[in-house]
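What follows is one structure encoded as structure tokens, with my remarks underneath.
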Amino acid sequence: MNKIIAFDHMRVGAKGGGKHWTEKEVKSREAAAKKLKRKKRTTMKCPDWIGEEARKVWNKTVKDMKEFEILDTVDEEVLALYCDLVAKLRELNFHIADNGYTVRNAKGEIVPSAEVKMAQTYQRLVLQYAGKLGITAEARARLAKKMADVAGAGSGGGTDDLFD
């Protein structure tokens with residue numbers, strides 16, 4: 001399994017990181033990381049509209065992501081949507097476990113239940129939101145690489161280029 005290389009763990013020429021980082025790459029990535037940090041820490045607030053199960057997902061996600069310093073108050077609504085989807089997906093999975101995965105259609109054929117189809121849709125949405133929020137390891141690695149590439153290209157160093 002590949003390790004995720006954090007900004008502060010890159011070492012010039014060091015082995016074990018998947019690649020020999022050049023001094024320019026390390027400095028570029030460190031500079032890019034600094035640009036996405038607030039001068040003053042903010043506290044995320046869980047929106048009132050999400051349910052109790054979604055609130056539990058919110059609390060766990062915010063706690064688990066805290067050390068990465070990726071989530072910010074501007075992400076609150078998107079994170080709330082993610083948490084709501086996770087809670088609904090869990091509820092669907094309990095329903096499926098109790099009622100089965102399949103039903104008979106009008107022709108008498110065994111087909112996936114409507115709940116299974118809905119759960120599959122929720123799974124895709126959860127993964128999409130997780131990727132957008134940097135919750136997945138792949139998303140965090142992609143963001144780190146993009147930040148380093150933008151900073152290294154000398155494009156003025158603006159984070160706007162990250163979202164092109």
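Just so you know, residue 1 is the first one in the sequence shown, and it goes up from there.
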(request) Tell me who clusters with F94, hydrophobic residues only, linked when side chains sit under 4.5 Å apart either directly or through other members. (result)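 Members alongside F94: none; it stands by itself.
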(message) Side-chain heavy atoms under 4.5 Å apart, restricted to Ile/Leu/Val/Met/Phe/Trp/Tyr: what other residues fall into the cluster of V103, or is it alone?
(response)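 V103 clusters with V111.
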(request) Please list all pairs passing the salt bridge (charged side-chain N to carboxylate O under 4.0 Å, His left out) test where one or both residues lie in residues 112-125, with sequence neighbours left out. (result)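 Matches after skipping sequence neighbours: none remain.
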(message) Give me each pair satisfying salt bridge (charged side-chain N to carboxylate O under 4.0 Å, His left out) with a member in residues 77-87, each pair once, sequence neighbours excluded.
(response)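 Sorted result for residues 77-87: D84-K88.
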(request) Using atom types as modelled and distance alone, determine if a side-chain donor or acceptor of N59 lies under 3.5 Å from a backbone N or O of K56. (result)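 No, because the side chain of N59 does not come within donor-acceptor range (under 3.5 Å) of the backbone of K56.
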Nearest 0.5 Å please: distance from the [atom1] atom of [X] over to the [atom2] atom of [Y].
{"X": "I135", "Y": "D64", "atom1": "CD1", "atom2": "CG", "answer": "9.5 Å"}
{"X": "Y82", "Y": "L133", "atom1": "OH", "atom2": "CG", "answer": "8.0 Å"}
{"X": "E91", "Y": "M118", "atom1": "CD", "atom2": "CE", "answer": "10.0 Å"}
{"X": "M44", "Y": "L71", "atom1": "CE", "atom2": "CG", "answer": "5.0 Å"}

On a heavy-atom basis, which atom in [X] and which in [Y] lie closest, and how many Å separate them?
{"X": "R55", "Y": "D48", "value": "NH2-O, 3.8 Å"}
{"X": "A54", "Y": "A87", "value": "N-CB, 3.6 Å"}
{"X": "G100", "Y": "S113", "value": "O-OG, 4.2 Å"}
{"X": "G134", "Y": "A139", "value": "CA-CB, 3.8 Å"}
{"X": "W58", "Y": "E76", "value": "CZ3-O, 3.5 Å"}

(request) State, with a plain yes or no, whether a side-chain heavy atom of K66 is found less than 4.5 Å away from one of V62. (result)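 Of all side-chain heavy-atom pairs linking V62 with K66, none is under 4.5 Å.
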Single-linkage hydrophobic cluster [X]~[Y], side-chain heavy atoms < 4.5 angstrom:
{"X": "W49", "Y": "V74", "answer": "no"}
{"X": "Y129", "Y": "L79", "answer": "yes"}
{"X": "V57", "Y": "V78", "answer": "yes"}
{"X": "M65", "Y": "I50", "answer": "yes"}

(message) Looking at R142 and E138, is there a salt bridge between them, counting it only when a charged N and a carboxylate O are closer than 4.0 Å?
(response)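 Answer for the salt bridge query: yes.
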(request) Mind checking side chain to side chain contact (heavy atoms under 4.5 Å, CB included) for A119 and listing every partner two or more places apart, or none if nothing turns up? (result)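 Once residues adjacent in sequence are excluded, the partners of A119 under the side chain to side chain contact (heavy atoms under 4.5 Å, CB included) criterion are L89, L92, N93, I96.
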(message) Give me each pair satisfying side-chain hydrogen bond (donor to acceptor under 3.5 Å, both in side chains) with a member in residues 98-109, each pair once, sequence neighbours excluded.
(response)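 Residue pairs with at least one partner in residues 98-109: H95-N99, N105-E109.
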(request) Only one of L85, T121, L81 passes side-chain contact (heavy atoms from CB on, under 4.5 Å) with V126; say which it is. (result)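 The residue from L85, T121, L81 that satisfies side-chain contact (heavy atoms from CB on, under 4.5 Å) with V126 turns out to be L85.
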